[in-house]
Amino acid sequence: MANNFRVFATCDIGPALDVLRERGYQVEVYPDPTAPPKSLIIDKVRSGVDGLITTLRDQIDAEIFEAGKGTLKVVAQFAVGFDNINRADANRYKIPFTNTADVLTEATAEFAFFMLGAVARKLWPAEHLTRENRWSFWHPYLPFLGDEVTGKTIAIIGTGRIGLAMIKKCAGFDMNILCYDPAYQNHEYVNAIQETMDLRHARGIQKEKTWIKYVSFEEALGQADFVSVHVPLLREGESNTPTYHLFNERTLKTMKPSAFLVNTSRGPVVDENALAKALEENWIAGAALDVYEKEPLPADSPLRSPAIEDRCRLFPHFASAAKITRLSTDPNKGMAGRCVQGLIDVLEGNYGGDVTKMPYVVNKEAF
Ligand code: NAD
C-alpha cells in the first residue's frame with residue numbers, strides 16, 4: 001500500500017509508529033522524552049504534515065490549526081482525555097481529532113482501586129517502617145492501623161467508562177456503591193451490578209448484603225468512606241456541570257472526616273490548596289492522587305508537606321501506564337494501536353471518508 005502521508009509525533013509512542021511506516025508514511029518523532037515547545041509543533045505543522053500525534057502535554061488550539069490550514073487533516077491524541085485540545089477551535093477549522101477511549105479503561109480503574117487500597121491500608125508508611133528498620137515489635141494496634149476497604153461505601157463521581165469499570169472492581173470487594181453523574185446514568189449497568197451483589201449474597205460468596213444506587217453529589221460525598229473521581233476536566237463554559245475545582249473547600253468539608261479521596265481523572269478537578277488544607281486540618285482522612293493541577297508536581301507543592309505524607313499518596317500520572325495498555329499495536333488493546341488507527345481512518349478515508357462514522361473521532365459534531 002503506497003501512502004506518502006507525513007506525520008509528526010510529539011512523542012515516541014512505540015512500535016505502533018512502524019504500522020504507519022510499513023504503510024509508506026513518513027513519520028517524524030520528536031526525539032526528546034520531554035514535551036516539545038509549542039513553537040516547534042507549529043513549525044512542523046506549518047511545514048505541511050498531514051497528521052499530528054499528540055499527548056496530554058501538548059496545547060493544541062487555533063495557533064496550531066491556523067499553521068496547518070489546508071494541509072493538516074487530523075490530530076490523533078494518545079489519551080482518552082483531550083482537555084489539552086481546544087475543541088471549539090478544532091471545530092472551527094474542521095479538523096477531526098481522535099482519542100484512545102476504552103483501551104485504558106480497565107487499567108485506569110484497577111490503578112484507582114490500588115491507590116485506594118494503598119492509602120487506606122497504609123502500604124507506604126508500613127513499607128517505610130519495615131525498610132527503615134523501625135519495625136521493632138508486632139503489636140495489635142501499634143504503631144498504627146489501616147482502614148478496611150471490604151464492606152465500606154464508595155462514591156463514584158462520573159459513571160462513564162472508567163467509573164463503571166471502577167464500580168465492577170469495588171463490587172468484587174463487597175463495597176456499597178453510591179453513583180453520581182449529572183449527564184450520563186447507566187441504570188442498566190447499575191441494576192446488573194445489584195443483581196450480581198444479590199446473587200453473591202444468596203450463594204454465600206459475600207456475608208453482608210450490599211447495594212448500589214444513583215444519588216445526588218451531596219449525598220455521595222456525605223455518606224461515602226471513599227470517593228473516587230472519574231470525570232473529564234470541563235472548565236466553565238464547556239459544560240453545564242463543569243468539573244474544574246469540583247473538589248474545593250466547600251465540597252471537601254462535605255466529606256466525612258474518616259473518608260478518603262482518590263483522583264485519577266485530571267488534576268484541576270481538585271483544588272490542591274484546599275485539599276492540602278483538608279489533610280492538614282483532618283477534614284478528611286487521606287487522599288491518593290495520580291494527577292495534578294500542574295504536572296510534573298512542583299517541588300514546592302503543599303501536597304508534599306511532611307505533615308501529611310503518611311496519608312497523601314502521590315503518583316506520576318501513571319494510572320494507564322501498563323505495558324499492553326500503553327504500547328500494544330492492536331487498536332482493541334493498546335492506546336498506541338488505537339491512536340494510530342484513528343489517524344489512519346481519517347487520512348486513508350476509511351468508512352467511506354465519513355468522519356462521523358469513524359469510531360475514534362471525538363468532534364463528530366463539526367462534520
Ligand atoms: P467518560 O467520558 O466515559 O466518562 C466521564 C463521565 O463523567 C461521563 O459519564 C460524564 O457524564 C461524567 N461527568 C461530566 N461532568 C460531571 C460532573 N460535573 N460530575 C460528575 N460526573 C460528570 O470518560 P472516561 O473514559 O471514563 O475517562 C474519564 C477521565 O479520566 C478522562 O476524561 C481523563 O481525563 C481521565 N483519565 C485519566 C487517566 C490517568 O492516567 N490518570 C487515564 C484515563 C483517563
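As the structure lists them, so they are numbered: ligands from 1, and atoms in each ligand from 1.
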Report task. Would you confirm whether T251, through its side chain, and L246, through its main-chain N or O, come within 3.5 Å as a donor-acceptor pair? Result -> yes
Here the gap from I156 atom CD1 to L164 atom CG, rounded to the nearest 0.5 Å, amounts to 9.0 Å
In ligand 1, the atoms that come under 4.0 Å of a heavy atom of A183 are 11 (O)
If you measure from the Lys or Arg side-chain nitrogens to the Asp or Glu carboxylate oxygens, is any gap between D310 and K122 under 4.0 Å?
no
Take atom CZ of F173 as the centre, draw a 6.0 Å sphere, and report whether it contains more than 12 heavy atoms from other residues, nucleotides or ligands.
-> no
the protein heavy atom lying closest to atom 29 (C) of ligand 1 turns out to be V231 O, 3.5 Å
Check your understanding: Got L343 and F5 here, is their nearest side-chain heavy-atom distance under 4.5 Å?
Key -> no
Heavy-atom contact check, 4.0 Å cutoff: does S239 meet ligand 1? no
Notebook entry, point to check: Does K364 NZ have over 12 foreign heavy atoms under 6.0 Å away?
Noted result: yes
Q. Going by heavy atoms, is S265 under 4.0 Å from ligand 1?
A. yes
Heavy-atom proximity to atom 16 (C) of ligand 1 ranks first, among T243, D290, T264, D83, for T243
Taking only non-hydrogen atoms of G158 and a 4.0 Å limit, the atoms of ligand 1 in range are 7 (O), 20 (C), 21 (N)
Worksheet item: Does a sphere of radius 6.0 Å around CD in E188 hold more than 12 heavy atoms from other residues, nucleotides or ligands, not counting ones at 6.0 Å or beyond?
Response: no
When distances are taken from atom 20 (C) of ligand 1, the protein heavy atom at minimum range is P182 CD, 3.2 Å
In short, E218 meets T254 closest at the heavy-atom pair O-CG2, 4.0 Å
Closest to atom 12 (C) of ligand 1 by heavy-atom distance, out of V80, D181, N263, T241, is D181
heavy-atom search around atom 40 (O) of ligand 1 in the protein gives H317 CD2, 3.3 Å
* Asked: Would a 4.5 Å heavy-atom cut-off, applied to side chains only, mark E280 and K277 as touching?
  -> no
Ligand 1 to S320, heavy atom cutoff 4.0 Å, flagged ligand atoms 40 (O)
For A274 and N248 the tightest heavy-atom approach is CB-C, 3.9 Å
Restricting to heavy atoms, the pick from P242, P232, G160, A220 nearest atom 7 (O) of ligand 1 would be P232
Atom 23 (O) of ligand 1 has as its nearest protein heavy atom R161 NH2, 3.5 Å
Restricting to heavy atoms, the pick from T325, I162, L164, T108 nearest atom 42 (C) of ligand 1 would be T108
Honestly, for R266 the part within reach of ligand 1 (heavy atoms, under 4.0 Å) is side chain
Quick note on ligand 1: atoms under 4.0 Å from a heavy atom of H230 include exactly 5 (C), 6 (C), 7 (O), 28 (C)
